[in-house]
Amino acid sequence: MVDLLNPSELDVALDLGNLDLTSRDEMIEELTNRDGVILDIVNGHIRENLEDELVQEALKTGVDLRHYSQEIERELAAVEAASITDYIGESKKIAQLHKEMKQCDAILEQMENMLGTFQADLGSISHEIQSLQEKSLEMSVKLGNRKHLKTKLSGFLDSIVVSPKLVETIVNTPVVDLPFTDALHELDKKLQFAEAEQHTLASNDVSDVLDKLKTKAVLKIRLFILEKVQEYKKPMSNYQVLQETLLKYKYYYEFLLTHSPTTAAEIRVEYVDTVSKVYFSYFKTYQSRLIKLEFEEVPTKADVMGAEDESRRSLQLSMFSSSKSIRSRSTVFTLGNRDDLINNQLEWPVIIPVHSADKRFPYEALFRSVQFSLIDNVCAEYGFLAHFFRVRGEKAQILFTNVMERTLSLLTKSVESYMEKCYDCIGIMLCAHITMHYHELMKKRGFGALVGFHNALLQILWPRFTFVLSQNIHSIRETDPSKLTELDTRPHFITRRFGEFYSAIHTLNDKFPNDQTVRSMTLLQVEVENVILRMAAEFGARQDQLVFLINNYDLMLSVMQSRATDTSKEVLSIQDLLNKRINEYVDEVLLPHFGGMISFVKDNEKKLETAGSNGAGVKVNESYINQLVRGFNQDHKKSIDSINSDVMRRFTNFNNGTVILQSALTKMIQYYSRFHKVLSQPPFKTLPCRMDMINVHHVMVEVKKYKNQF
């Protein structure tokens, strides 16, 4: 019988193998042998047990721990014994389980061996796969290198090999055909490639062929471009069409510039020389034909503002002449619609002499036509030079100057020559403003090629304008009124000329203000005012002098106001002079009719102011006062009518006459009212003649009859 308390026997009987059922004593002995480590663990367990609630409760109640521990040990031994009994009861099942586990262990060992074999086989396969991957990578690199080499070699061969088709196209195909252009592009690439790869044998092999093809292409292109350039010389050639044609083949010049700079320079020189002559000839011919369309009657040095008006003499001479008496001409001092050139017609089509042979134009219209034609040609030419010859900035300006220098010099000298004998101030100023407008137009288009040319024109035009204007000022200053014929109170021709001339210059100067022009016009106005005063002095009667001044100032003012604003300094100055002369004339025209009354009023108003309320010291001439009252009662209607007739006869401007008449009659009523007021004060208020005086309102009613005479 097996001793259940002997573990070794139980282990043999049950064949429990490695099943560990170590007794408590052996465990304690083993723990005891672990020295300090176990003690530390035990101490930790003691501290944990002391923290246990049951242990703490036992300590609080005073229980003996040794008895308590023994009791616990007995309970554990009982539980252990019960447990061993259960284990022995299930020993067969445990032994069967142990046997099955050994069988499983054997099977697992076989599986392990089998998997080990598989692992070894897989390791061998992995090595083979890795070897295949390395070989594949190596083959891929070789393939890539071969493809790269093939691409390089193919590109090299394509770039260096000269095909028979290329040779055939370059040699035999016309330059204007598209295949030749494509072949020229291909040849250009091959030439550039051969030059870059000139160290290679292949490049040396084909260099001979490429040079011959290049020479052939250069010769054909040179001949083609020179033929097109020569077409400029043909009569009636359209330059813009030729330029558009050349621009379609601008690559040809680029090819020459790259591969034959000498030929490119030759073509550029030939183009500049040819086109320069063509433009020179065109503008010379155009200008000479255009100038024939100018008005036959143009201002001369005798046509100054102070010169005697010879219109009547010309009319008398024309009556005995078979030629036409009146011809269209450019006016000297009147602007008219001449400023339409700068307001509406700046970009109108140019004048074509053939189509306008029966028309005549002022010089500024011809000047505008030449300048606008120049601008059109310059813009087209500058754009062509920049695109075809591939130049920009300063180089483009230099090339343009070489082409247009002779033409611009021709036009400058032509204007200078014309201006030397031109005495048309308005025409000169219009030419200057046309030049400035076109200068602004060129700036808007982004072309600065004509800045120097426009400045040169202005340096000719402005000094000439100042000179001619000074001649007019001098003519006014030197005018001798005593030598003038048919001087009467009507507006003088100098006045009308100045008014129209001022309006013209003022209108034009508003566009591009010029301080020198303003100063010159101010000086001219001063001289005109002075000469009018000198002319007025030629009249013996003061009324005639005033009528002359009023008529002239009024005419000047009305003409000036047609263009200038009412607030301009010049207009205000003339308005002030006119008002002063009107007031003076009103006094003069009233004196013959109401002079006694006016003198009486002025004298006695001053005396009454100093005499006090009773009028002490003021003498009363009753008979003289009675005479004034009776005279006014009898003659005031006739006097008013006489004043009205005098004003209607003397003043040419009805509106101005109305103003003067109303001023005179208003002032007459004011004097009569003051006359009433003086007689109503001591010592005159007791005079019986006061009862005979006409009421002021009756006089006003009489005056109103003349309100709408003009």
Side-chain angles (χ1 to χ4, degrees), residues 158-198 203-234 237-279 377 380-393 395-396 398-404:
D158 289 342
S159 301
I160 203 70
V161 172
V162 180
S163 65
K165 181 180 179 182
L166 176 62
V167 175
E168 174 68 20
T169 305
I170 294 295
V171 173
N172 297 324
T173 303
V175 175
V176 295
D177 288 356
L178 182 61
F180 180 84
T181 305
D182 296 337
L184 195 65
H185 279 281
E186 185 179 351
L187 178 61
D188 179 35
K189 292 178 182 178
K190 291 185 182 298
L191 288 169
Q192 292 183 16
F193 185 82
E195 184 178 359
E197 301 292 337
Q198 57 185 349
S203 177
N204 294 332
D205 288 343
V206 300
S207 61
D208 226 13
V209 177
L210 289 175
D211 287 342
K212 291 179 181 179
L213 286 176
K214 180 181 72 173
T215 303
K216 182 65 176 177
V218 167
L219 289 174
K220 293 179 71 173
I221 292 172
R222 175 183 175 276
L223 182 62
F224 169 73
I225 295 179
L226 290 179
E227 285 177 353
K228 290 297 178 185
V229 172
Q230 292 303 314
E231 290 184 16
Y232 277 83
K233 298 180 180 180
K234 295 180 180 179
S237 294
N238 190 322
Y239 307 149
Q240 293 185 356
V241 172
L242 292 175
Q243 288 176 347
E244 290 174 1
T245 302
L246 285 173
L247 283 175
K248 289 192 336 187
Y249 302 101
K250 63 180 180 179
Y251 175 72
Y252 291 176
Y253 182 80
E254 183 181 346
F255 180 86
L256 295 180
L257 204 60
T258 304
H259 301 290
S260 184
T262 305
T263 306
E266 177 192 0
I267 288 176
R268 185 167 59 249
V269 170
E270 180 65 23
Y271 177 85
V272 169
D273 184 63
T274 301
V275 176
S276 175
K277 292 178 181 177
V278 168
Y279 277 127
N377 282 278
E381 186 62 33
Y382 192 91
F384 172 79
L385 294 175
H387 288 86
F388 186 80
F389 291 104
R390 299 177 61 79
V391 288
R392 294 290 184 275
K395 291 183 178 180
I398 293 173
L399 186 59
F400 171 80
T401 302
N402 292 336
V403 172
M404 300 300 299

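Just so we're clear, the structure is a prediction, and the values are computed from it rather than from any experiment. Heavy atoms only: backbone and side chains are in, while hydrogens, waters and symmetry mates are out.
Between the OG atom of Ser163 and the CD atom of Glu168 there is a distance of 10.5 Å, given to the nearest 0.5 Å. If you take CG on Asp182 and CG on Asp177, they are separated by 10.5 Å, rounding to the nearest 0.5 Å. Residue Lys165 holds its NZ atom at 8.5 Å from CD of Glu186, rounded to the nearest 0.5 Å. Atoms CD1 and CZ, from Ile267 and Phe224 in turn, are 10.5 Å apart once rounded to the nearest 0.5 Å.
Side-chain atoms of Thr169 never come within 3.5 Å of backbone atoms of Pro179 as a donor-acceptor pair (strictly under, hydrogens ignored). Judged purely by atom type and a 3.5 angstrom limit, Thr173 has no side-chain atom pairing as donor or acceptor with the backbone of Ile170. Formation of a donor-acceptor pair under 3.5 Å by the Asn238 side chain with backbone atoms of Gln240 is found in this model.
In this structure, the side chains of Asp188 and Tyr251 come closer than 4.5 Å at one or more pairs of heavy atoms. Counting only heavy atoms from C-beta outward, the side chains of Leu256 and Ile225 approach each other to under 4.5 Å. By the 4.5 Å heavy-atom criterion applied to side chains, Asn402 and Ser276 are not counted as neighbours. Using a 4.5 Å cut-off on side-chain heavy atoms (C-beta onward), Lys212 and Lys216 make no contact. Within the 4.5 Å cutoff, side-chain heavy atoms of Ile221 are placed close to those of Leu184.
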> Would Asn377 and Glu381 count as a side-chain hydrogen bond (donor to acceptor under 3.5 Å, both in side chains) if you check the C-alpha gap in whole Å, the side-chain angles of each, and the deciding distance to 0.1 Å?
Replying inline: CA-CA 6 Å; Asn377 282 278; Glu381 186 62 33; over 6 Å; no

> What do the steps show when you test Arg268 against Leu399 for side chain to side chain contact (heavy atoms under 4.5 Å, CB included), and what is the final call?
Replying inline: CA-CA 9 Å; Arg268 185 167 59 249; Leu399 186 59; 4.0 Å; yes

> Passes side chain to side chain contact (heavy atoms under 4.5 Å, CB included), Met404 versus Tyr382? Steps please.
Replying inline: CA-CA 10 Å; Met404 300 300 299; Tyr382 192 91; over 6 Å; no

>> Between Thr258 and Glu254, is the side-chain hydrogen bond (donor to acceptor under 3.5 Å, both in side chains) condition met? List the steps.
In response: CA-CA 6 Å; Thr258 304; Glu254 183 181 346; 5.6 Å; no

> Could you walk me through whether Lys214 and Asp211 pass the side chain to side chain contact (heavy atoms under 4.5 Å, CB included) check?
Replying inline: CA-CA 5 Å; Lys214 180 181 72 173; Asp211 287 342; 4.3 Å; yes

>> With side chain to side chain contact (heavy atoms under 4.5 Å, CB included) as the criterion, how do Leu219 and Thr263 come out once you've worked through the C-alpha distance, each side chain's angles and the decisive distance to 0.1 Å?
In response: CA-CA 9 Å; Leu219 289 174; Thr263 306; over 6 Å; no

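For the residue pair Thr181/Tyr252, the side-chain donor-acceptor check at 3.5 Å is satisfied. No side-chain donor from either of Thr262 and Glu266 sits under 3.5 Å from a side-chain acceptor of the other.
Residues Leu187 and Leu166 come closest through the heavy atom pair N-CD1, 4.4 Å.
The only option from Lys233, Lys228, Glu227 that meets the side chain to side chain contact (heavy atoms under 4.5 Å, CB included) definition with Gln230 turns out to be Lys233.
Residue pairs that meet the ring pair (Phe, Tyr, Trp, His ring centres under 6.0 Å) test with at least one member in residues 257-278, sequence neighbours left out, are Tyr232-Tyr271, Phe255-His259, Tyr271-Phe384, Tyr271-Phe389.
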